[in-house]
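Structure record follows, encoded as structure tokens.
The chains referred to below are lettered A, B, ... by the order of the sequence lines, with proteins before strands, and numbering in each begins at 1.
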Amino acid sequence: MAQDSAITPRDQDYSAWYLDVIQHGDLLDDAPVRGCKVLKPHGYGIWELIQADLDRRFRDTGHRNAYFPLFIPVSFLSREAEHVEGFAKECAIVTHHRLRSVTDDNGKVSVEPDPESALEEQLVVRPTSETVIWHMYGRWIDSWRDLPILINQWANVVRWEMRTRPFLRTAEFLWQEGHTAHATRDEAIDEARLMLQVYRDFAHEILAVPVVTGVKSARERFAGAVETFTIEALMQNGWALQSGTSHFLGQNFAKAFDVTFQNKNGERELVWATSWGVSTRLIGAVIMTHSDDDGLVLPPRVAPIQVVIIPVGKAKDLEAVRQAVDALRAELRQAGIRVHVDDRDNLRPGAKYFEWERKGVPLRLELGPRDLAKGQAFAKTRINREKFGLPLQGAAMEVQRVLDKIQDELLARAIAMRDARTYDIDSVETFRARLEEGGFLRVAWGGDDADEGRIAEETKATIRCFPLDEPAPQGLACPLTGKPAWTWALFARAY
RNA sequence: CGGGGUGUAGCGCAGUCUGGUAGCGCACCUGCUUUGGGAGCAGGGGGCCGCAGGUUCGAAUCCUGCCACCCCGACCA
């Protein structure tokens with residue numbers, strides 16, 4: 001039987017499974033540079049859908065897109081002390097602007113940076129754009145009338161990580177970064193919280209990935225932020241994934257880049273800032289939330305192909321089938337459904353079924369003479385292996401209904417999994433025991449930075465966040481430190 | 001950057017110990033027959049055996065150095 005190498009089952013080796021799903025799903029390929037990946041059409045298509053939906057949400061909340069340069073003068077990075085501390089170790093540096101060819105002793109020609117072309121000031125390839133953006137904001141802001149500035153950019157950034165993982169952490173990745181400037185502290189905090197809510201809604205409604213919203217502990221906070229808000233998701237293996245962050249930056253960058261405005265009383269004040277971002281890491285979250293041992297599972301709203309139509313039948317029936325397939329495709333397209341017809345004649349239908357299942361297409365429609373006789377298509381969903389006849393009359397509405405149902409079920413399923421693996425912890429013993437299985441460990445926390453560091457070292461678990469909107473524990477002792485609890489905390493192993 | 005592993009066709013691998021014409025399965029190309037869950041037969045194409053040195057009449061195989069990738073750690077979205 002002609003089979004590609006199998007996908008490693010999750011319970012055998014989760015990490016190998018993740019890599020297999022990506023390969024068989026045709027999402028990525030290795031680039032020639034360590035830690036860099038090519039996003040192939042089926043993978044990039046997911047990102048394009050993420051972009052399109054988020055972009056609309058950003059505009060709906062008053063933001064506009066702009067674009068700032070890839071290169072940042074190296075001196076900018078050192079302007080904000082904590083910021084430089086956070087990124088210094090993972091920056092790519094541009095030192096020259098020209099190559100020259102050289103010939104070695106064996107007559108072999110190669111190129112090298114021309115020493116004559118060394119840059120006066122070296123450039124950092126942006127690991128994030130706060131510094132260059134705040135440099136520019138300094139030129140744009142003078143009066144309270146110039147505020148707020150609500151800008152987002154879609155960009156690539158580079159962080160030279162020691163260890164990379166497809167989608168979750170690559171040397172170069174795609175993201176969006178919002179950067180806003182405000183006249184007051186409260187307005188900036190509101191903005192940071194608003195964008196966190198945008199991310200939360202997006203994750204639930206589009207990715208079908210349930211997330212916990214929370215605040216980062218000081219140890220996990222963004223370098224240069226006063227407060228970092230986060231959305232945290234729980235993967236199938238019980239590890240947490242930070243899926244988006246929104247930062248209240250206080251006046252740190254305004255101070256570093258001397259950005260002030262004149263208020264209505266004629267006084268000069270420092271500007272308040274936020275930044276917020278999500279990246280192609282979200283695709284990793286989608287994969288690890290929904291996919292199974294047969295490969296990729298995509299929620300319909302981020303599936304580049306939502307429906308694949310496969311014509312079947314003997315040669316004599318092909319013409320009739322082809323006409324019916326064309327009509328069905330046209331109707332679905334008309335209704336805005338992303339449909340693909342697999343009419344390759346060198347593969348038999350069975351081979352196509354397996355291929356589209358591995359690629360995570362939510363709904364498959366088979367169309368052959370038997371179906372035409374009944375006036376329907378033979379439908380099968382990627383999740384649940386549900387089979388049913390789908391009437392060709394009014395097919396678009398029915399397909400849309402099925403896709404919506406799949407989307408809802410994936411979210412419900414993910415929420416159930418997450419809830420079933422969120423544990424209340426009352427002792428060090430249960431903490432360690434639950435951690436073995438993986439999950440969110442909910443602790444009435446009384447520790448400080450040092451306690452958190454010690455626990456991370458001993459158990460590999462970190463505080464993912466202090467969940468928002470939960471009243472502080474009253475009169476409880478922290479099970480991990482014995483100190484009086486001052487907040488609830490979610491611990492987990494994390495990517 | 002430490003510990004372990006692997007580099008041979010697009011993918012998965014054998015061959016390396018014991019040096020002697022570079023192989024197998026899948027994929028690919030051509031043709032015919034097929035087509036409702038991974039098609040069959042016949043013919044064919046594709047390799048600097050990770051790279052660079054060395055030993056040898058002769059190196060995928062032995063020696064030295066380097067590089068890349070994967071896994072586990074430390075660091076991180």
Strand partner of B:A9, provided both Watson-Crick or wobble distances fall under 3.5 Å:
none

Between B:U6 and B:A60 - C1' atom distance, rounded Å:
15 Å

Measure up the A:Phe257 and A:Phe253 rings against each other and bin them: parallel (under 30°), tilted (30 to 60°), perpendicular (over 60°).
parallel

Checking N1-N3 plus N6-O4 or O6-N4 for Watson-Crick, or N1-O2 and O6-N3 for wobble, each under 3.5 Å, the partner of B:C57 is B:G20

Give me, pair by pair, the N or O atoms of the protein and of nucleotides 3-10 of chain B that are less than 3.5 Å apart, along with how far apart they are.
none

With a 3.5 Å limit on both atom pairs, tell me what B:C32 is paired to, counting Watson-Crick and G-U wobble, or say none.
B:G40

A:Ile189 backbone acceptor or donor facing A:Glu227 side chain under 3.5 Å
no

Check whether any side-chain N or O of A:Arg358 sits under 4.0 Å from OP1 or OP2 of B:G38, and answer yes or no.
no

Using purine N1 to pyrimidine N3 plus N6-O4 or O6-N4 for Watson-Crick, or N1-O2 and O6-N3 for G-U wobble, both under 3.5 Å, which nucleotide pairs with B:C66?
B:G50

Is a donor-acceptor pair below 3.5 Å formed from side chain A:Arg385 to base B:G37, judging by atom type as modelled?
no

When the ring planes of A:His247 and A:Phe222 are compared, do they come out parallel, tilted or perpendicular, using 30° and 60° as the limits?
parallel

When the P atoms of B:A9 and B:G23 are compared, how many Å lie between them, rounded to an integer?
14 Å

Pairwise C1' distance, B:A59 and B:A52 [rounded to whole Å]
15 Å

Can you check the distance between B:C11 and B:U16, where both ends of the measurement are the C1' atom (answer in whole Å)?
22 Å

Does the ring of A:Trp276 carry A:Arg57 above it, NZ/CZ under 6.0 angstrom from centre and within 45° of its axis?
no

Listed pairs, N/O of protein and of nucleotides 32-36 of chain B, under 3.5 Å:
unit_1, atom_1, unit_2, atom_2, d
B:U35, OP1, A:Lys314, NZ, 3.3
B:U35, O2', A:Gly313, O, 3.3
B:G36, OP1, A:Arg348, NH2, 3.4
B:G36, O6, A:Pro369, N, 2.9
B:G36, O6, A:Arg370, N, 2.6
B:G36, N1, A:Asp371, OD2, 2.5
B:G36, N2, A:Asp371, OD1, 3.3
B:G36, N2, A:Asp371, OD2, 2.8

